[in-house]
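Quantities reported herein were computed from a predicted structural model and do not represent experimental measurements. For ligands, and for the atoms within them, numbers begin at 1 and follow the listed sequence.
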Amino acid sequence: MEKKIVLLPGDGIGPEIMDSAVAVLEAIAQRYKHQFHFNTQLIGGAAIDEVNMPLPDQTIQAAEQADAVLLGAVGGPKWDNNPSELRPERGLLKIRKSLDLYANLRPVKGFETLLSASPLKEDIIKGSDVLIVRELTSGLYFGQPSERRDNDQSVVDTLHYTLHEMKRIIKKGFESAQLRRKKLTSVDKANVLESSKLWREIVEAEKVHFPDVEVEHLLVDAAAMKLITEPSRFDVIVTENMFGDILSDEASVLTGSLGMLPSASLAENGVGLYEPAHGSAPDIAGLGIANPIAMILSTAMMLRYSFAMNVEAKAIEKAVETCINKGLHTADLHVDHGIKVSTSEMTEAIIKELTI
Ligand code: IPM
Ligand code: MG
């Protein structure tokens, strides 16, 4: 197959881990006889430095014309004091909105050999395998207008959702559960928020279309607690934007490091953007020690969801697992055994497993 992929390396460790993704894709192309055409574009702080805006139109156009988009990470202290419209994160939010990437899928699955890397007890996290389905293009992140009032004496952020926005992500949650262990946990704050009450009503109405899926409602505070006390009770969690952001970082603790978590952001028309769930880690940028696994697993998700290359996606996931089982780990994983490797050593090891 021939595919056009837009690369958005972004900031911090973004460019380093993007190199890893490209190297893996080149190995896949060679082994499975595909042609991948890469087109690198600007986003985030890198775009602010170059063209004084976090998401140039050219990037959006290239993404619209591509078969899929891969993104590294955005942000860093360099731009922290910029006005909001010139913050790197704006670029990320804008591309999500422009491409209508409403469904963010974040699988969280621990590797058996890394159980000891988590600060949580091994017997608690053993067997946990959760998919967080996070709404990505609405809610508090996109409420208008967001403003300071009366000389900073008060401030407004608006949580707005349309019925359509809630319905489509809830449906995605049910569909995802149907493809897995058929259990859906809907997370909200229906004891306080009006938006959550409507959310819960939609879940209740939608469940008649998915009779094989078991549904439960959890308040977000209880969900946060159960995620680290009883993680194996979860299959699919569906929730709104902000709750999903918080719960997915929390869930990463199950895998030992945020550096292990891939994600797919999907639109209704099939467009997909794939990025690690972690940030740009400016403190370790340029040191060659970043964990490339979240980026590489995001690449596998791209092959599966955007190109239907299931065999190739599985091959990457298996190669990653083999390397981890051999004890290879980057510095972010606190394990007392195995071999500590750099970003490029980990990438090469994964590629080697792919090509044998
Ligand atoms: C994420 C990140 C982003 C978010 C930031 C960088 C805007 O934390 O993808 O989870 O909050 O969505
Ligand atoms: Mg986040």
Side-chain angles (χ1 to χ4, degrees), residues 8-15 17-18 42-48 53-55 59 63 69-108 130-143 146 157 159 161 165 169 187 220 223-224 227 237-255 257-267 272-283 285 290-291 293-295 297-298 301-302 332:
L8 307 177
D11 311 318
I13 59 168
I17 56 173
M18 187 60 82
L42 291 167
I43 194 168
I48 294 169
M53 54 177 104
L55 186 72
T59 300
V69 184
L70 276 180
L71 187 140
V74 298
K78 185 175 177 191
W79 308 281
D80 272 356
N81 297 323
N82 281 13
S84 355
E85 64 284 2
L86 281 180
R87 283 195 61 115
E89 292 79 4
R90 269 293 167 97
L92 184 57
L93 299 191
K94 193 170 166 200
I95 197 163
R96 288 173 178 171
K97 194 75 174 176
S98 309
L99 301 179
D100 197 20
L101 304 168
Y102 76 101
N104 184 222
L105 310 186
R106 297 188 161 181
V108 186
V130 189
L131 174 69
I132 297 179
V133 178
R134 168 189 174 194
E135 202 291 323
L136 202 60
T137 49
S138 193
L140 266 179
Y141 278 66
F142 295 93
S146 186
D157 280 307
L159 200 172
Y161 265 107
E165 285 168 340
I169 191 69
V187 172
V220 64
L227 203 49
I237 291 175
V238 66
T239 192
E240 64 90 50
N241 201 347
M242 177 70 99
F243 295 159
D245 178 47
I246 298 168
L247 292 180
S248 57
D249 267 32
E250 189 195 6
S252 77
V253 177
L254 304 171
T255 68
S257 168
L258 191 50
M260 307 292 291
L261 244 61
S263 91
S265 306
L266 308 172
L273 178 146
Y274 301 83
E275 59 170 317
H278 62 69
S280 62
D283 51 327
N291 188 346
I293 290 182
M295 185 78 237
L297 291 177
S298 301
M301 289 186 90
M302 173 185 79
D332 51 307

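Remark: side-chain polar atoms of D332 are not paired, donor with acceptor, to backbone N or O of S257 under 3.5 angstrom. Within the 3.5 Å criterion, the main-chain N or O of L42 finds a donor-acceptor partner in the side chain of T59. Under a 3.5 Å cut-off, the side chain of S280 and the backbone N or O of D11 do not form any donor-acceptor pair. Between the side chain of S98 and the backbone N or O of K94, at least one donor-acceptor pair lies under 3.5 Å.
Among all non-hydrogen protein atoms, the one lying nearest atom 5 (C) of ligand 1 is L92 CD2, 4.3 Å. From the protein, the heavy atom lying nearest to atom 11 (O) of ligand 1 is Y141 OH, 2.6 Å. Of the protein's non-hydrogen atoms, the one nearest atom 8 (O) of ligand 1 is D245 OD1, 3.3 Å.
When distances to the Mg ion (ligand 2) are checked against a cut-off of 2.8 Å, D245 contributes an N, O or S atom below that limit.
For CG of N81, the number of neighbouring non-hydrogen atoms (other residues, nucleotides, ligands) closer than 6.0 Å is 12 at most.
Of the options S265, P276, S263, a side chain to side chain contact (heavy atoms under 4.5 Å, CB included) to S298 is made by P276 and by none of the others.
Near R134, meaning under 4.0 Å from one of its heavy atoms, ligand 1 places the atoms 1 (C), 4 (C), 9 (O), 10 (O), 11 (O), 12 (O).
In R106, the part holding a heavy atom less than 4.0 Å from any atom of ligand 1 is the side chain.
For ligand 1, the polar-atom distance check against E89 finds no nitrogen or oxygen pair separated by under 3.5 Å. In terms of polar-atom proximity, defined here as any N/O pair under 3.5 Å, R96 does make such a contact with ligand 1.
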